[in-house]
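Just so we're on the same page: letters track the sequence lines, and every chain starts at 1. Predicted model, so just to flag it, every value in this text is computed and none were measured.
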Amino acid sequence: MSSITFFHYFAVACFLFVTGLFCILSKRNVIAVLLGVELVLNATNLNLVALGRFPGWQPQLAHEGQVLALFVIVLAATEAALALGIALCFYSLHRAPDLDEAQDLKG
Amino acid sequence: MENLLEVLLFYLFAGVACGGALGVALGRDIVRCLLSLVLTLGAVGGLFFTAGAALVGVIQILLYLGGTVVVLIFGVMLTSPHVQPQLETGLKEKVLAATVCMALFGILMGTGYWIFAHPLAESGSQVISAPAGGLSETEAVAASLLGLRVLPSEETRISKASPGFHCLLAFEVVSIHLLVVLVAAAYFARARRPRLPE
């Protein structure tokens with residue numbers, strides 16, 4: 001059985017990214033779109049951490065990849081909190097978490 | 001034997017992560033989507049452990065599974081799930097989104113194979129298994145956070161060699177940002193009277 005290379009991690013991260021993108025594009029519920037954003041951020045994190053494990057490609061990313069992953073995790077937490085605040089505000093105005101109704105700012 | 005265990009753990013976590021991601025993308029019920037996301041986040045945390053990043057894995061489980069997911073659960077609870085069945089996109093949009101996503105997946109995997117897994121590029125894929133300079137992995141990450149570069153050689157354990165990556169100020173900015181964003185979220189989510197229809 002062959003050992004794990006960076007390409008294995010990269011493939012998993014690509015799959016997570018693409019499913020997250022599909023989730024963002026194909027859902028109408030605000031919360032479901034947020035779930036897709038979380039998937040995309042996790043794919044990014046997986047790539048950053050795996051680059052630290054196999055640093056032959058980017059030697060300067062040996063441990064900085066993990067530091068960047070920590071920043072991404074914190075920013076994902078803030079993004080979820082703020083987006084949910086906006087979603088609740090939107091829900092109290094429209095009585096449904098439906099993105100297609102978000103047309104108040106349409107020119 | 002250790003290598004076999006690592007490979008098996010990687011495939012287990014990768015399979016759970018990909019299955020959970022499919023569950024998030026294809027599920028119709030928002031609660032099931034959320035539970036699939038919990039599965040995916042846990043499996044990604046496991047992948048961090050197999051990649052040797054124990055600190056990031058622990059923080060992933062603490063912050064994501066303990067914090068972000070709870071916030072999302074409250075979001076689902078507060079935006080009344082009984083309207084969910086009407087919130088379906090049309091078949092046309094789904095086919096379009098699937099086409100775009102599969103094309104992007106093909107492009108990414110093709111590029112990644114050419115760069116990372118091509119036989120010509122094998123020379124760059126050596127693994128750092130032992131932490132550098134006699135430090136533990138977490139200490140090395142902390143040194144990186146302070147802008148210090150950990151060198152593999154024993155005599156120069158830590159040297160200040162990465163002037164472009166000094167992120168202590170950024171760390172403080174992110175902390176203040178977290179506080180400000182939480183206050184803003186509490187302001188946005190405050191109870192208010194619904195607007196009456198005209």
Restricting to non-hydrogen atoms, name the atom on [X] and the atom on [Y] that form the minimum distance, rounded to 0.1 Å.
X	Y	value
A/Ala81	B/Val71	CA-CG1, 4.3 Å
A/Gln66	B/Gly52	NE2-O, 4.4 Å
A/Tyr91	B/Leu78	CE2-O, 3.3 Å
B/Gln60	A/Asn42	NE2-OD1, 2.9 Å
B/Cys33	A/Leu35	CB-CD1, 3.7 Å
B/Leu72	A/Glu38	CD1-CG, 4.3 Å

If I measure from the heavy atoms of chain B, does [X] come under 4.5 Å with its side chain, its backbone, both, or neither?
X	answer
A/Leu84	side chain
A/Leu75	side chain
A/Leu21	both
A/Leu70	side chain

Euclidean distance, [Y] [atom2] relative to [X] [atom1], rounded to 0.5 Å:
X	Y	atom1	atom2	value
B/Ile73	A/Ile31	CD1	CD1	11.5 Å
B/Thr50	A/Ile4	OG1	CD1	8.0 Å
A/Phe22	B/Lys94	CZ	NZ	6.5 Å
B/Leu47	A/Leu46	CG	CG	5.5 Å
A/Asn45	B/Leu41	CG	CG	10.5 Å
B/Met109	A/Phe15	CE	CZ	10.5 Å

>> Test of understanding: clusters of I, L, V, M, F, W, Y form through side-chain heavy atoms closer than 4.5 Å, transitively. Do B/Val69 and B/Leu35 belong to the same one?
In response: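 Unlinked, B/Val69 and B/Leu35 end up in two clusters.
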>> Before you tell me yes or no, could you show the steps for B/Phe10 and A/Tyr9 under ring pair (Phe, Tyr, Trp, His ring centres under 6.0 Å), namely the whole-Å CA-CA distance, both residues' side-chain angles and the distance that decides it to 0.1 Å?
In response: CA-CA 9 Å; B/Phe10 173 82; A/Tyr9 286 96; 4.8 Å; yes
Per-residue contact mode, [X] against chain A (heavy atom under 4.5 angstrom):
X	value
B/Leu96	neither
B/Phe105	both
B/Phe13	neither
B/Ser175	neither
B/Ala170	both
B/Leu37	side chain
B/Leu63	side chain

>> B/Val44 vs A/Leu16, test: side-chain contact (heavy atoms from CB on, under 4.5 Å). Steps then yes/no.
In response: CA-CA 10 Å; B/Val44 170; A/Leu16 291 183; 3.7 Å; yes
> Which residue out of A/Phe90, A/Phe71, A/Phe17 racks up the most heavy-atom pairs below 4.5 Å with chain B?
Replying inline: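 Ranked by contacts with chain B, first place is A/Phe71.
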